[in-house]
Amino acid sequence: MPELPEVQALVDFLSARTDGLAVTGVELGSISVLKTFNPPPDALVGLPVDAVSRHGKFIDLDCSGTHLVFHLARAGWLRWSDAISPTRLRPGKSPIALRVRFSDGSGFDLTEAGTKKRLAAYIVSDPAQVPGIASLGPDPLAPEFTREVFGELLHSRRAQVKGVLRDQSVIAGVGNAYSDEVLHVAKMSPFAIAATLDDAAVDRLYAALRETLSAAVVAASGKPAAELKDAKRAGMRVHGRTGETCPECGDTVREVSFADSSLQYCATCQTGGKPLADRRMSRLLK
């Protein structure tokens with residue numbers, strides 16, 4: 001799933017390429033991808049793209065006050081073309097869920113792999129009308145997201161810190177991959193309870209969160225959409241690297257598997273050398 005750094009890179013990519021352009025078409029390859037019905041897709045046709053922005057993991061194209069907002073979910077992606085195919089999409093006949101055309105002949109497709117169709121698009125007059133945006137927590141890279149704000153968020157939640165970092169209603173934009181990375185940099189167990197962290201631990205986690213995301217944004221900046229997935233994987237320290245060597249201490253990166261996801265960590269760096277039980281309800285470490 002694209003997270004804050006990749007979504008920001010896609011925003012920057014789209015912003016640069018749609019500057020001065022107008023929308024000439026919005027086509028649905030999947031009826032279910034569009035979660036709103038008014039305004040209709042044709043309401044965007046002829047409107048200039050005034051701005052492209054990010055709300056957590058949501059991308060927002062502001063076209064004269066009518067917003068096309070989309071969330072790529074776990075298996076969705078954006079595929080840009082300088083010369084988009086002239087063939088009109090037929091619902092159910094393509095892996096493409098949505099196509100947007102622009103006035104210079106360019107455009108993008110939203111695609112989604114797999115059978116679980118979670119990619120979602122919305123056409124609204126106000127991004128706050130999108131339920132997922134209305135419930136978002138603060139952006140972790142915003143200037144107002146201070147150490148004090150972060151500490152208050154943690155201390156009010158008796159939940160595992162990895163889950164807190166991933167909760168979009170608490171912090172916007174962080175998912176499974178970057179929560180693993182942040183916790184590794186902070187040298188903290190993913191099963192530590194957020195409310196019990198002392199001041200030094202909160203300091204460490206706050207610094208790791210801001211530094212890890214900032215560095216990832218810089219690394220993704222300027223890359224075309226087609227290169228972002230590989231760049232993200234290449235930049236990971238522990239996430240997705242089960243069985244490989246920890247770049248910090250040389251220990252082996254370990255994994256905890258759940259029903260539909262997994263986390264990666266280094267026992268030496270994060271859990272005092274103790275492997276975490278590979279089951280959802282592990283209570284080994286707090």
Side-chain angles (χ1 to χ4, degrees), residues 1-12 53-60 69-78 110-114 116-121 130-142 145 150 153-154 157 159-186 188-192 194 205-206 208-221 223 225 228-242 253 255-265 270 280:
M1 176 187 289
E3 300 178 33
L4 186 158
E6 296 78 47
V7 173
Q8 185 60 54
L10 287 172
V11 165
D12 295 342
S53 59
R54 176 181 63 79
H55 311 277
K57 301 177 191 177
F58 290 84
I59 295 175
D60 173 9
V69 178
F70 54 91
H71 190 293
L72 295 170
R74 176 171 293 182
W77 197 245
L78 182 149
L110 299 184
T111 63
E112 186 171 22
K116 293 183 179 180
K117 301 303 181 183
R118 296 175 179 171
L119 190 153
V130 177
I133 291 178
S135 63
L136 282 177
D139 191 291
L141 293 183
F145 188 78
F150 184 55
L153 290 173
L154 294 178
R157 287 167 173 83
Q160 292 174 351
V161 67
K162 179 174 171 71
V164 172
L165 291 175
R166 292 183 61 189
D167 187 337
Q168 298 304 292
S169 68
V170 180
I171 300 171
V174 180
N176 193 35
Y178 285 104
S179 58
D180 281 352
E181 297 296 290
V182 168
L183 290 165
H184 180 255
V185 172
M188 186 175 297
S189 168
F191 293 161
L205 187 59
Y206 177 74
L209 176 65
R210 300 269 288 196
E211 291 167 7
T212 300
L213 293 178
S214 296
V217 167
V218 171
S221 178
K223 287 185 170 58
L228 285 172
K229 286 184 180 181
D230 288 341
K232 177 181 179 179
R233 282 191 287 265
M236 294 288 110
R237 299 160 59 94
V238 292
H239 182 78
R241 298 196 178 280
T242 304
V253 175
E255 177 175 305
V256 177
S257 297
F258 304 119
D260 59 354
S261 66
S262 63
L263 66 83
Q264 286 79 44
Y265 70 102
Q270 296 174 250
R280 186 182 297 271

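Numbers here simply count residues along the sequence, with the first being 1.
- Applying the salt bridge (charged side-chain N to carboxylate O under 4.0 Å, His left out) definition to pairs two or more places apart or across chains, none involves residues 170-179.
- Annotation for P140 and V174: closest pair CG-CG2, 4.3 Å, computed over non-hydrogen atoms.
- How far OG1 of T212 is from CG of L4: 12.0 Å, rounded to the nearest 0.5 Å.
- Put simply, the side chain of F258 does not reach to within 4.5 Å of the side chain of N176, judged on heavy atoms.
- Residues D60 and I133 fail the side-chain proximity criterion, which asks for heavy atoms closer than 4.5 Å.
- Residues V130 and F70 fail the side-chain proximity criterion, which asks for heavy atoms closer than 4.5 Å.
- Note that the CD atom of E181 and the CG atom of L213 stand 10.5 Å from one another [nearest 0.5 Å].
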The test is side-chain contact (heavy atoms from CB on, under 4.5 Å); show your working for L228 and L10 and say whether it passes.
CA-CA 9 Å; L228 285 172; L10 287 172; 3.7 Å; yes
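- A donor-acceptor pair under 3.5 Å is absent between the side-chain atoms of Q264 and the main chain of R241, judged by distance alone.
- Once rounded to the nearest 0.5 Å, the distance linking CD of E6 with NZ of K57 reads 10.0 Å.
- Here the closest heavy-atom approach between residue G175 and residue S179 is recorded as O-OG, 2.8 Å.
- In this structure, OG in S214 is found 8.5 Å from CG in L209, a value given to the nearest 0.5 Å.
- Atoms CG and CG, from L110 and L119 in turn, are 5.5 Å apart once rounded to the nearest 0.5 Å.
- No donor-acceptor distance shorter than 3.5 angstrom exists from the side chain of Q168 to the backbone of G137, with no hydrogens or angles considered.
- Side-chain contact between E112 and W77 is absent, with no heavy atoms from C-beta onward closer than 4.5 Å.
- Residue Q160 comes nearest to P190 through the heavy atom pair CB-O, 3.7 Å, listed as atom of the first residue, atom of the second, then distance.
- Between the NE2 atom of H71 and the CD1 atom of I59 there is a distance of 9.5 Å, given to the nearest 0.5 Å.
- Residues V217 and L141 form a side-chain contact, since some pair of their non-hydrogen atoms from C-beta on lies under 4.5 Å apart.
- Nearest heavy atoms, K232 versus P2: NZ-CA, 4.3 Å.
- By the 4.5 Å heavy-atom criterion applied to side chains, D139 and R54 are counted as neighbours.
- In terms of heavy atoms, A172 sits closest to G56 at CB-CA, 3.8 Å.
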Is there a side-chain contact (heavy atoms from CB on, under 4.5 Å) between L263 and L183? Walk through the geometry before answering.
CA-CA 11 Å; L263 66 83; L183 290 165; over 6 Å; no
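- The aromatic rings of F150 and Y206 are tilted relative to each other, their planes meeting at an angle between 30° and 60°.
- With sequence neighbours left out, K223 forms a salt bridge (Lys or Arg N to Asp or Glu O under 4.0 Å) with no residue at all.
- Residues T242 and S262 fail the side-chain proximity criterion, which asks for heavy atoms closer than 4.5 Å.
- The salt bridge (charged side-chain N to carboxylate O under 4.0 Å, His left out) analysis of residues 161-173, with sequence neighbours excluded, yields the pairs K162-D180.
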